[in-house]
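Quick note on labels: first sequence line is chain A, next is B, and so on, each numbered from 1.
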Protein chains: 2
Amino acid sequence: MDLTTAEENYLKAIYHLSDGGKKSVSTNDIAAEMNTKAASVSDMLRKLGEKEVIEYRKYYGLQITETGKRHALQTIRKHRLWEVFLVEKLNFAWDEVHEVAEQLEHIHSTLLIQRLDSYLNYPKFDPHGDPIPDEFGDVRSRPRVQLNEMDIDQTGQIVAVKDSSAAFLRYLDKVGAYIGARIKVLDKVEFDGSLEILVDQKKTLFMSKDVAGNILVLQS
Amino acid sequence: MDLTTAEENYLKAIYHLSDGGKKSVSTNDIAAEMNTKAASVSDMLRKLGEKEVIEYRKYYGLQITETGKRHALQTIRKHRLWEVFLVEKLNFAWDEVHEVAEQLEHIHSTLLIQRLDSYLNYPKFDPHGDPIPDEFGDVRSRPRVQLNEMDIDQTGQIVAVKDSSAAFLRYLDKVGAYIGARIKVLDKVEFDGSLEILVDQKKTLFMSKDVAGNILVLQS
DNA sequence: TTTCGAAATTAGGCATGTCTAAATAAATGA
DNA sequence: TCATTTATTTAGACATGCCTAATTTCGAAA
C-alpha cells in the first residue's frame, strides 16, 4: 500500500498533532496545520481510512493504526536525516533546511535512506535537537545532561532549566541562552569548572559551573 | 513560469530526443519514450506550448525555445549531479542510480544544487560519462568578479580562488570562506581597501584588499 | 429535552495528467 | 489524383487533490 506525497504529509501532520497517537485531533486542527480547508481534510481522512493507516469514523474522530505510525515515523526519519545532511555536509544554516527537507522526505528508496544514514554516521538527533527514529521506527530516549557535565566539543540543545527563578531566566535571556538554543562546548576551565559555550553557531559566552549546572541540555 | 514534475519530464525527453533542439521529434516518439499514449502527449504539448517552453503547431511539429532549453538543461544538470552524489558519496553502483535521480532531479532549490555542486567539487561528468551542464547555460550567466571589486551591500557566492596555495586555502577554511559560501559586503575601508564580509548570514570577517583580490565571486 | 450553533461531511466544480475511442489531417502509393 | 493508411488531435472518462456552498451531525445551553 503506497501513499502519495499528499497522503504522507497528512499522516505526518496527524502523527505530530496527536503526539504519536496519544491525543485526539480535530478536522479543523489538521486543516490549520496543512493550510487547507476542513472539506479537503474530510476527503483525505476517508482515503487514509481506506488505506488503513488511520481508523476513521466520521463525526467521531480518528486513530492512527500501527501501520500508520510506521509510515509516519519513516517519513519523519527521512526528513530529519536529510536535515542533518543539509547542515553537516552542505553547510545549510539550521533554519534554512526545513523547506528542502519537506521535499526530500518524499523520495522513495529504502537503499537511499539506509546509505544516507550510514554516510551521516547514524545520527540520533537532527539539527534542531529532535530525535531521529531508527529504521524500525524506534526513537531513542532523550538523554538530558547538565551543561557542566558536558565535554569539550560536545553539542546539544538547551531544553530546560533546573532553577527557573525570574532572575536566572533573565540572565539566560540576556546572554542569548534561551530554551531551544543550540550550544557547543568550546572550552572548559579545569580549575573552577567554568565553560566557554558557542550559542547558535554565533555567539560565544562564558559561564560558571554553577550556572551551567542549572541548564539541562539534550545532547546530539 | 514554473513547470510541474510531469512537464519537466516531458521537456527533458523532448530535449534528448531532439538532440538539444536539432532534430525533429514526433508525438509517437515522445509517447514511446515516456511510456504514455499519443493522446496524452498531444495534451501535454499544448500545455508546454502555452508555457512557451516549446513552439508548437499542431500536426506540424514542435521546437524547443531558448527558455525550454534552459529548463531542460537545468533538470539534466540536477539529475547528473545527484547521480555523482549517489555513486561517490553513498556508494551506489552506476546502474542503481537512475531511478532515484529521476526523483531527486525534481527537488526545487537553487541553493541546494549550488551547494551540492560545490560539495562534489564541480564534477564535469556523471558516473555514466555524460557531461554535466554548468550553472550558466540556464539563467543569464553573471561574471565572476574579484571580491575586492564588489561594493557595499552586494551579495554573491565564492566560486573560485586565484591563488590556490595550500597556505591560502588553509586560511580560507579557517575563517569559513570556503568555496560555495554565500557572502555579503558589509563595509569597505577606503583607506586601505580592506573589507568587512558577512559569510553565510552568520559570521562576519575582515580581510585585506590583497586577500579579497584572490577570491572570485559570482554576484547575485 | 429540545433547540441552536459549531464542527464535520457531502455535493458539485476545477485543474492536472492519464486513458480509450472517435475524428481529422497528412502522407503514401497505385 | 484520390483512396487508403498512418499520425495526430479531440472528445469524453477517471483519479487525485483542492475549493466553495450546502447539508448533516453532535453537543452544549436553555
Side-chain angles (χ1 to χ4, degrees), chain A residues 1-15 17-18 23-64 68 71-72 75 99 102-103 105-108, chain B residues 1-15 17-18 23-64 68 71-72 75 99 102-103 105-108:
Chain A
M1 179 66 70
D2 282 346
L3 299 182
T4 65
T5 293
E7 286 165 349
E8 279 183 356
N9 282 332
Y10 272 92
L11 194 59
K12 192 164 57 109
I14 290 167
Y15 183 87
L17 288 170
S18 70
K23 287 187 276 193
S24 70
V25 201
S26 76
T27 302
N28 277 336
D29 287 348
I30 299 169
E33 176 73 16
M34 301 287 300
N35 287 308
T36 59
K37 297 301 154 81
S40 311
V41 175
S42 286
D43 243 28
M44 184 54 85
L45 293 181
R46 187 182 44 71
K47 289 175 200 161
L48 292 176
E50 282 166 9
K51 295 204 174 177
E52 298 185 355
V53 291
I54 63 171
E55 219 176 289
Y56 173 54
R57 282 166 58 214
K58 49 190 193 179
Y59 292 112
Y60 280 84
L62 63 94
Q63 184 141 25
I64 305 195
H71 271 283
T75 306
E99 200 192 328
E102 281 292 303
Q103 298 180 59
E105 73 185 9
H106 300 294
I107 304 290
H108 295 298
Chain B
M1 179 70 67
D2 281 345
L3 298 182
T4 65
T5 293
E7 286 165 349
E8 279 181 357
N9 282 332
Y10 271 93
L11 194 59
K12 192 164 58 110
I14 291 166
Y15 183 87
L17 289 171
S18 70
K23 288 187 277 194
S24 71
V25 203
S26 76
T27 302
N28 277 335
D29 287 348
I30 299 168
E33 176 74 16
M34 300 289 298
N35 287 308
T36 59
K37 296 301 155 83
S40 311
V41 175
S42 285
D43 243 28
M44 185 53 85
L45 293 181
R46 187 184 43 73
K47 287 176 200 161
L48 292 176
E50 282 167 9
K51 294 202 174 177
E52 296 183 357
V53 291
I54 64 172
E55 219 176 291
Y56 174 54
R57 284 166 55 213
K58 51 187 190 181
Y59 293 111
Y60 279 84
L62 63 93
Q63 184 141 22
I64 304 195
H71 271 283
T75 306
E99 199 193 329
E102 281 292 304
Q103 298 179 61
E105 74 186 8
H106 300 294
I107 304 290
H108 295 298

Take the protein atom [atom1] of [X] and the nucleotide atom [atom2] of [N], then report the distance between them rounded to whole Å.
{"X": "Leu62(B)", "N": "dT8(D)", "atom1": "CG", "atom2": "P", "answer": "10 Å"}
{"X": "Arg57(B)", "N": "dT9(D)", "atom1": "CZ", "atom2": "C1'", "answer": "15 Å"}
{"X": "Arg46(B)", "N": "dA15(C)", "atom1": "CZ", "atom2": "C1'", "answer": "11 Å"}
{"X": "Tyr59(B)", "N": "dT8(D)", "atom1": "OH", "atom2": "C1'", "answer": "5 Å"}
{"X": "Leu45(A)", "N": "dT10(C)", "atom1": "CG", "atom2": "P", "answer": "11 Å"}
{"X": "Leu48(A)", "N": "dA8(C)", "atom1": "CG", "atom2": "C1'", "answer": "16 Å"}
{"X": "Tyr60(B)", "N": "dT9(D)", "atom1": "OH", "atom2": "P", "answer": "12 Å"}

> Does Lys58(B) put a side-chain nitrogen or oxygen below 4.0 Å from OP1 or OP2 of dA7(D)?
Replying inline: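 Answer is no, no contact under 4.0 Å.
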
>> Using OP1 and OP2 only, check whether a side-chain N or O of Asn28(A) sits under 4.0 Å from dA8(C).
In response: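 For dA8(C), OP1/OP2 do have a side-chain N/O of Asn28(A) under 4.0 Å.
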
>> With a 6.0 Å cut-off (strictly less than), is the heavy-atom count around CD of Gln103(A), excluding the residue itself, greater than 12?
In response: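 Yes, enclosed.
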
> Just wondering, more than 12 heavy atoms not from Gln63(B) lying within 6.0 Å of its CD?
Replying inline: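 12 or below, so no.
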
> Is there a side-chain contact between Ile30(A) and Leu45(A) (heavy atoms, below 4.5 Å)?
Replying inline: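 Result yes, sub-4.5 Å side-chain heavy-atom pair found.
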
>> Quick test of your reading of the model: are Arg46(B) and Glu50(B) salt-bridged, counting only N-O distances below 4.0 Å?
In response: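 Salt bridge present between Arg46(B) and Glu50(B).
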
>> Base, sugar-phosphate or nothing for Thr27(B)? Non-hydrogen atoms, less than 4.0 Å.
In response: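 Sugar-phosphate: the residue Thr27(B), judged by heavy atoms under 4.0 Å, touches backbone atoms but no base.
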
>> Name the residue from His71(A), Lys51(A), Lys47(A) that meets the side-chain hydrogen bond (donor to acceptor under 3.5 Å, both in side chains) definition with Glu7(A).
In response: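 Only one of His71(A), Lys51(A), Lys47(A) forms a side-chain hydrogen bond (donor to acceptor under 3.5 Å, both in side chains) with Glu7(A), namely Lys51(A).
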
> So which of Leu48(A), Val41(A), Val53(A) actually passes side-chain contact (heavy atoms from CB on, under 4.5 Å) with Ile14(A)?
Replying inline: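 With Ile14(A) as partner, Leu48(A), Val41(A), Val53(A) yield a single side-chain contact (heavy atoms from CB on, under 4.5 Å), made by Leu48(A).
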
> How does protein contact run along nucleotides 13-19 of chain D, one letter per nucleotide 5' to 3', with B for base contact, S for sugar-phosphate only, - for none, heavy atoms under 4.0 Å?
Replying inline: ---SBBB

